[in-house]
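Worksheet: the structure to be examined is printed underneath.
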Protein chains: 2
Amino acid sequence: MSFNILYLHLDYTRRKMFSKACKYAINAMIYVATLPEGQERAGLKEISKAINSPEAFTAKILQELVRHDLFSSVKGPNGGFHIQGNPNKIFLSEIVEAIDGDMLFTGCALGLEKCSEDHPCPVHHKFLAIRDHLTGMLMTTSLRDVADRVNIGISFLKY
Amino acid sequence: MSFNILYLHLDYTRRKMFSKACKYAINAMIYVATLPEGQERAGLKEISKAINSPEAFTAKILQELVRHDLFSSVKGPNGGFHIQGNPNKIFLSEIVEAIDGDMLFTGCALGLEKCSEDHPCPVHHKFLAIRDHLTGMLMTTSLRDVADRVNIGISFLKY
DNA sequence: ATATTAAAGGACAAAAATATCCTTTAATCT
DNA sequence: AGATTAAAGGATATTTTTGTCCTTTAATAT
Ligand code: FES
Ligand code: FES
C-alpha cells in the first residue's frame with residue numbers, strides 16, 4: 001500500500017540487478033558448496049532453510065540448475081542435490097546465465113534490439129565498461145571462492 | 001513458446017539491468033533534450049514515436065517524471081513535456097532512481113535484507129566495486145552529454 | 001464563451017515473475 | 001516386494017510489470 005501504488009500503479013523501488021530466482025540459485029549453489037567433504041549433498045528443505053527461500057519455488061530453480069548440469073540430483077532417502085563438477089571450476093556467471101540468461105552480459109542498457117558498435121545507444125560507450133566489469137567479476141568468481149568466505153565466517157547467506 | 005516455458009514456466013532469458021519503464025524514461029528525457037532551442041517541448045505522441053515505446057504506458061511514465069520534477073508538462077494545444085531545469089545538471093542516476101528506485105545503487109546482490117559491511121553476502125566485496133562503477137557512471141553522465149551524442153549522429157534512440 | 005487540444009488520472013487487461021499445492025517417478029530402506 | 005523418502009513435474013494462484021482504454025482536467029485558439 002505504498003504511496004506510489006496509490007497514485008500510479010507503478011512501484012519500481014525494488015528493481016535489483018538479479019532476479020529473485022537467480023539469487024536463490026546462486027545462494028543454493030553456494031550453500032551446497034560450503035558443505036564439508038563426505039556430505040556434500042543437501043535436500044531441498046535443508047537448502048531453502050539455509051538460504052531463506054520459499055521451498056516450492058526453490059524446487060523449480062534447483063530443477064533448472066539440474067537441467068543446466070550445474071547440480072545433479074538423487075531421489076529417495078538421503079537424496080538431494082550436489083554440485084556437478086568442481087566448485088573451483090564453476091563460476092557465478094554460469095549460474096546467472098542459467099537462470100537470468102545472458103542479456104545482462106550482452107544486452108543494450110537502453111533497450112535497443114541489440115547492442116552494437118555500429119548503432120549504439122547514447123550510453124553504449126560508458127555502459128560497456130560496466131557490463132564488462134560485472135561479467136568479468138562473475139566469470140572469475142568461483143563457487144569455491146565464495147563458499148570459503150562463508151565457511152570461514154566472513155560472509156553470510158542469510159541474516 | 002520457448003523451450004524454457006515448455007518445461008518449467010521459467011523463461012528468464014530476458015533479464016536486463018533496467019526495467020522497461022526506466023529505459024522509456026531515460027530515452028524520453030534524452031529525446032526531449034535533443035530538441036533545438038526555442039522548441040524544447042514535445043508531446044506524448046511525438047516522444048513515444050521517437051523512442052519507439054507504447055504510447056499509453058509511456059504516458060504513465062512521463063507523469064511519474066513530472067511528479068519527480070524531472071519533466072514539467074503543459075496541457076492543451078502546443079502542450080507537452082519539457083525538461084525541468086538544466087540538462088547539464090540532470091544526471092541519468094536521477095531518472096533511474098525516479099523509476100527503478102535506488103536498490104540498484106544500494107541493494108545486496110544476493111538478496112540480503114540490506115547490504116552492509118557488518119553482515120556481507122559472499123559477493124559483497126566484489127559487487128561493491130561494480131555497483132559503485134555503475135552508480136558513478138550514472139551520476140556523472142548528464143542528459144546534455146548523451147543528447148549531444150544523439151544530435152551529432154553517433155548515438156541512437158531507436159534502430 | 002466555446003471548441004479544440006493534450007496531459008492527468010482511473011479502471012482494466014495481459015504478460016511475466018514469484019509462489020504454492022498436489023501427483024508422479026525413482027531411489028533407498030526394511 | 002512393500003514402505004518410505006525425496007526429487008520431478010503439472011496445475012494453479014498471486015503479485016508485479018507492462019500495457020490499453022476511456023473519462024476528466026486544464027490549457028490554448030477561434
Ligand atoms: S547499444 Fe546500448 S549498451 Fe550497447
Ligand atoms: S551484502 Fe550483498 S552486496 Fe553487500
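Proteins get letters first, then strands, A, B, ... in listed order; numbering begins at 1 in each.
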Please verify the inter-ring angle class for B/Phe71 with B/Phe81; under 30° counts as parallel, over 60° as perpendicular, anything in between as tilted.
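Tilted: the ring planes of B/Phe71 and B/Phe81 meet at 30° to 60°.
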How long is the line joining [atom1] of [X] and [atom2] of [N], in whole Å?
{"X": "B/Lys23", "N": "D/dT18", "atom1": "NZ", "atom2": "C1'", "answer": "12 Å"}
{"X": "A/Ile61", "N": "D/dG9", "atom1": "CD1", "atom2": "P", "answer": "15 Å"}
{"X": "B/Arg67", "N": "C/dA8", "atom1": "CZ", "atom2": "C1'", "answer": "8 Å"}
{"X": "B/Leu44", "N": "D/dA26", "atom1": "CG", "atom2": "P", "answer": "19 Å"}
{"X": "B/Ile51", "N": "D/dG19", "atom1": "CD1", "atom2": "P", "answer": "11 Å"}
{"X": "A/Glu55", "N": "D/dT5", "atom1": "CD", "atom2": "C1'", "answer": "14 Å"}
{"X": "A/Lys45", "N": "D/dT5", "atom1": "NZ", "atom2": "P", "answer": "11 Å"}
{"X": "B/Glu64", "N": "C/dG10", "atom1": "CD", "atom2": "P", "answer": "13 Å"}

Looking only at the side chain of [X] (C-beta and beyond, no hydrogens), which of the listed nucleotides [options] gets closest?
{"X": "A/Gln63", "options": "C/dA8, D/dT18, D/dG9", "answer": "D/dG9"}
{"X": "A/Lys60", "options": "D/dG10, C/dT18, D/dA8", "answer": "D/dG10"}
{"X": "A/Ser73", "options": "C/dT20, D/dA8, C/dT18", "answer": "D/dA8"}
{"X": "A/Lys20", "options": "C/dC21, C/dG9, C/dT18", "answer": "C/dT18"}

Give a yes or no on whether the backbone of A/Leu138 and the side-chain of A/Thr141 come within a donor-acceptor separation of less than 3.5 Å.
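Judged by distance alone, no pair lies under 3.5 Å.
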What is the per-nucleotide protein-contact pattern of nucleotides 22-30 of chain C, from the 5' end, where B denotes a base atom under 4.0 Å from a protein heavy atom, S denotes such proximity for sugar-phosphate atoms only, and - denotes neither?
---BSBBS-
Any [X] side-chain N or O less than 4.0 Å from OP1/OP2 of [N]:
{"X": "A/Tyr24", "N": "C/dA19", "result": "yes"}
{"X": "B/Arg41", "N": "D/dT28", "result": "no"}
{"X": "A/Arg15", "N": "C/dA17", "result": "no"}

Among residues at least two apart in sequence or on other chains, which ones pass side-chain hydrogen bond (donor to acceptor under 3.5 Å, both in side chains) with A/Asn78?
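If we apply the side-chain hydrogen bond (donor to acceptor under 3.5 Å, both in side chains) test to A/Asn78, skipping adjacent residues, there are no hits.
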Can you name the residues that form a salt bridge (charged side-chain N to carboxylate O under 4.0 Å, His left out) with [X], not counting sequence neighbours?
{"X": "A/Lys75", "result": "none"}
{"X": "A/Lys158", "result": "none"}
{"X": "A/Glu40", "result": "none"}

Position toward the 5' end of DNA chain C (nearest nucleotide), A/Phe18 or B/Gly79
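Checking each residue's closest nucleotide, the 5'-ward one belongs to B/Gly79.
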Would you mind listing the cluster partners of A/Ile152? Hydrophobic ones only (ILVMFWY), side-chain contacts under 4.5 Å, chaining allowed.
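Members besides A/Ile152, by chain and number: A/Ile154.
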